Amino acid sequence: MASLDFLLNPYFLAAFSLLLALLTVQFFSRKLNKNYSEKKKKYHPIAGTIFHQLLNFNRLHHYMTDLAGKYKTYRLVSLSRNEIYTSDPANVEYILKTNFDNYGKGRYQYNILRDFLGDGIFAVDGEKWRQQRKVLSHEFSTRMLRDFSSVIFRKNAAKLANIVSEAATSNQPLEIQDLLMKSILDSTFQVAFGAELDSMCGSSKEGKKFAEAFDDSSALTLWRYVDGFWRIKKFLNIGSEATLRRSTKVLNDFVFKLIQNKVEQMKESKDDSTMKREDILSRFLQLRETDPVYLRDIILNLILAGKDTTAATLAWFIYMLCKNPAIQEKIAGEVKKATNVKETNNFAHLASSVNEEALEKMHYLHAAITETLRLYPAAPVDAKICFSDDTFPDGFSVNKGDIVSYQPYAMGRMKFLWGEDAEEYRPERWLDENGIFHPESPFKFTAFQAGPRICLGKEFAYRQMKIFAAVLLSCFVFKMKDDKKIVNYRTMLNLHIDGGLEVQAFHKHGN
Ligand code: HEM
């Protein structure tokens, strides 16, 4: 019954009363206006209110998938504005591409995100977004970043394999999601700053503090979406807002110090043309970008973008493989063939063999990761604000200020999109008759968003996930520690496994 405690919460009761009042007002104003606007505009069916979302909070994505099964596009009534949810690819294409300029983060999201993400790419629209997108797209397409990041991914994959190996030898279970979160944070941090954080082994106290402050800031920023009183709490500097202020200060102090150190290092090595600076911070400094606040915003946004998304996807991937041992075996076979490595006890050697050429050959692994993202997309729902009244391709209207969301989680499970076996984990659906991966329309498979704001790190993320998966699956067999345990997500911005994923790893030894 603990999950119903929130019914007694005074904030909740106040919000509920307000919602009832709003619904009453909406009902009567609809009646009064019937002869005017209703005649001209058609609105998507009302499937519920945000009160229903609160009641279903712990199974939110199941609830919304059920609604999506009934209506391709529907509305939920909230206190201040309509919330429209769609799983219709034609509407998704319209929002994300055709009428791109009419949908964005808006002032509402910017105000929530600003204290943590500043003016970084995730928080802004318009010119500020365009400028960062241009610079970052260029950086992410360079061969230098690709090669530099691959070296780091291989090193960290081998480091993780060492930890898994120790657990396998001593027959100890592992909480693999947590390990992946730390390892991916270490990789992303090193690509971004060119410095070691080592949150996986915890060798640096400052690094540990940074990692904790980062997670706290992220969770507390998300909390603002449901806490109607956050502005007052911020003004009074109390409760969650006081904690957020402390966490962002830890982040800022740490990052500004790193930037300062890097600037000094670069000054010292100015004449040394053999010094190659390949991390993202150094690249920006070389481009004569010296505003520390701008640099902080760019880099923290990248870390946020890359860390939880990639790590959570890998955790769901391992979960899927524990549930489907034949697929696990098949991927291991493909990796062995592509890398041509016989000896799997030397993790560094094995990791170095997972090179570009080998990765290109791993179509089945690519399909299995994509299939994981179809069923467990790291961003399960993605919301935009509508900037001016509009009509969707399905003929229904949306109003200025409405929140419009496409739903990767629900879409991944719709039979009308994927067929009768939509709920089944079947990597083969991504392969043609020759076993070659073939992508789907990004307006149907929406895990990376689509259109001009499509995920900038998609290729980077696949490379990292494939390297980690290839190294781990060549050396170990993974099984659930407790096969009967029900695995579910925790409702938050990204789709994490609630309580982590406890697995048992077994050595494959030389086969
Ligand atoms: C499995 C891994 C990943 C998934 C599923 C994913 C998914 C997404 C999604 C859904 C968005 C749109 C978010 C929004 O509306 O604001 C996005 C944006 C973005 N992603 Fe990823 N992402 C992943 C990994 C990465 C990585 C590793 C990086 C870079 C290190 C990255 C960089 C970005 C950036 C910079 C944006 C903002 C693009 C823009 O607004 O123009 N992502 N990603």
Side-chain angles (χ1 to χ4, degrees), residues 152-189 197-204 207-208 211-212 215 306-329 331-332 335 344-348 350-351 354 365 368-369 372 376 378 425 461 464-490 492 494-511:
I152 292 168
F153 299 157
R154 288 185 198 112
K155 188 188 74 183
N156 281 323
K159 211 164 153 184
L160 180 59
N162 264 313
I163 294 180
V164 176
S165 173
E166 278 168 27
T169 306
S170 58
N171 207 19
Q172 289 295 314
L174 286 164
E175 206 287 71
I176 194 82
Q177 180 173 256
D178 183 53
L179 279 174
L180 286 164
M181 289 281 169
K182 289 177 171 150
S183 184
I184 301 289
L185 172 63
D186 289 347
S187 299
T188 318
F189 189 90
L197 191 65
D198 199 23
S199 68
M200 193 161 67
C201 301
S203 63
S204 143
K208 204 166 163 243
E212 280 165 12
D215 285 347
K307 172 180 142 352
D308 287 10
T309 46
T310 312
T313 304
L314 276 172
W316 287 110
F317 170 72
I318 303 259
Y319 170 58
M320 282 291 97
L321 299 191
C322 291
K323 291 272 160 207
N324 298 279
I327 297 178
Q328 183 170 171
E329 189 58 40
I331 297 173
V335 173
T344 58
N345 289 333
N346 182 341
F347 304 131
L350 172 68
V354 187
L365 171 59
I369 291 175
T372 306
Y376 299 102
Y425 183 74
Q464 185 169 18
M465 291 188 287
K466 284 171 81 172
I467 291 175
F468 271 70
V471 171
L472 292 177
L473 297 175
S474 309
C475 310
F476 311 103
V477 174
F478 291 94
K479 293 189 180 162
M480 298 283 288
K481 188 193 151 210
D482 173 5
D483 223 4
K484 294 195 183 60
K485 192 175 167 206
I486 294 173
V487 169
N488 201 1
Y489 50 78
R490 181 166 160 218
M492 50 191 282
N494 285 326
L495 201 76
H496 291 194
I497 298 179
D498 193 14
L501 182 69
E502 287 229 279
V503 295
Q504 198 82 45
F506 301 88
H507 286 287
K508 269 184 158 234
H509 281 317
N511 50 13

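Nothing here was measured: the structure is a model prediction, and the numbers come from that model.
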Quiz item: With side chains defined as the heavy atoms from C-beta onward, is the minimum distance between Lys479 and Val503 less than 4.5 Å?
Solution: no
Quiz item: Any luck finding a side-chain donor-acceptor pair between Asn156 and Ser183 under 3.5 Å?
Solution: no
Practice problem: Could you tell me the separation between the CD1 atom of Ile184 and the OG1 atom of Thr309, rounded to the nearest 0.5 Å? | Solution: 8.5 Å
Quiz item: How long is the span from the NZ atom in Lys466 to the CZ atom in Phe153, to the nearest 0.5 Å?
Solution: 13.0 Å
Quiz item: Charged N to carboxylate O below 4.0 Å: is that the case for Asp186 and Lys182?
Solution: no
Exercise. Taking atom types as modelled, find out whether Thr372 and Tyr319 have a side-chain donor-acceptor pair closer than 3.5 angstrom.
Key: no
Practice problem: Answer whether the closest heavy-atom distance between the side chains of Phe317 and Leu473 falls below 4.5 Å. | Solution: yes
Quiz item: Do you know the tightest heavy-atom contact between Ser474 and Ala470?
Solution: OG-O, 2.5 Å
Practice problem: Please name the pair of heavy atoms, one in Lys323 and one in Asp483, separated by the smallest distance, quoted to 0.1 Å. | Solution: NZ-O, 3.7 Å
Self-check item: Aromatic contact, Phe476 with His507 (centres under 6.0 Å)
Solution: yes
Quiz item: Taking the side chain as C-beta and beyond, is there a heavy-atom pair between Trp316 and Tyr489 under 4.5 Å?
Solution: yes
Quiz item: Can you check side-chain contact (heavy atoms from CB on, under 4.5 Å) on Lys508 and Val477, steps first, answer last?
Solution: CA-CA 7 Å; Lys508 269 184 158 234; Val477 174; 3.9 Å; yes
Practice problem: With rounding to the nearest 0.5 Å, note down the distance linking CG in Asn494 to OG1 in Thr313. | Solution: 8.5 Å
Exercise. Considering non-hydrogen atoms only, spot the tightest contact between Val354 and Arg154 and give its length.
Key: O-NE, 3.0 Å
Quiz item: Atom NZ of Lys159 and atom CZ of Phe347: how far apart are they, to the nearest 0.5 Å?
Solution: 15.0 Å
Exercise. Before accepting this row, confirm whether a basic side-chain N of the pair Lys307/Asp215 lies closer than 4.0 Å to the acidic partner's carboxylate O.
Key: yes
Practice problem: Starting at CG of Leu180, measure out to CD1 of Ile497 and round the result to the nearest 0.5 Å. | Solution: 9.5 Å
Exercise. Kindly indicate, with the supporting measurements, whether the criterion side-chain contact (heavy atoms from CB on, under 4.5 Å) is fulfilled by Glu166 and Gln172.
Key: CA-CA 8 Å; Glu166 278 168 27; Gln172 289 295 314; over 6 Å; no
Quiz item: Got Met480 and Glu502 here, is their nearest side-chain heavy-atom distance under 4.5 Å?
Solution: no
Quiz item: Mind checking whether Leu350 and Asn346 have side chains closer than 4.5 Å, heavy atoms only?
Solution: no
Quiz item: What closest approach, in Å, do Ser199 and Leu185 show between heavy atoms, and which atom pair accounts for it?
Solution: OG-CD2, 3.9 Å
Quiz item: Should we count NZ of Lys155 as having more than 12 external heavy atoms under 6.0 Å?
Solution: yes
Practice problem: Hey, could you give me the CG/CD distance between Leu321 and Glu329, rounded to the nearest 0.5 Å? | Solution: 11.0 Å
Self-check item: Over all atoms of both residues, closest heavy-atom pair of Ala168 and Ala505
Solution: CB-O, 3.3 Å
Quiz item: For Thr310 and Met465, which heavy atoms make the closest approach, and how far apart are they?
Solution: CG2-CG, 3.5 Å
Self-check item: 4.5 Å side-chain heavy-atom contact, Val164 and Phe478
Solution: yes
Quiz item: Does the side chain of Leu174 reach to within under 4.5 Å of the side chain of Lys481, using non-hydrogen atoms?
Solution: no
Quiz item: Side chains of Ser187 and Gln464: does their closest heavy-atom pair fall under 4.5 Å?
Solution: yes
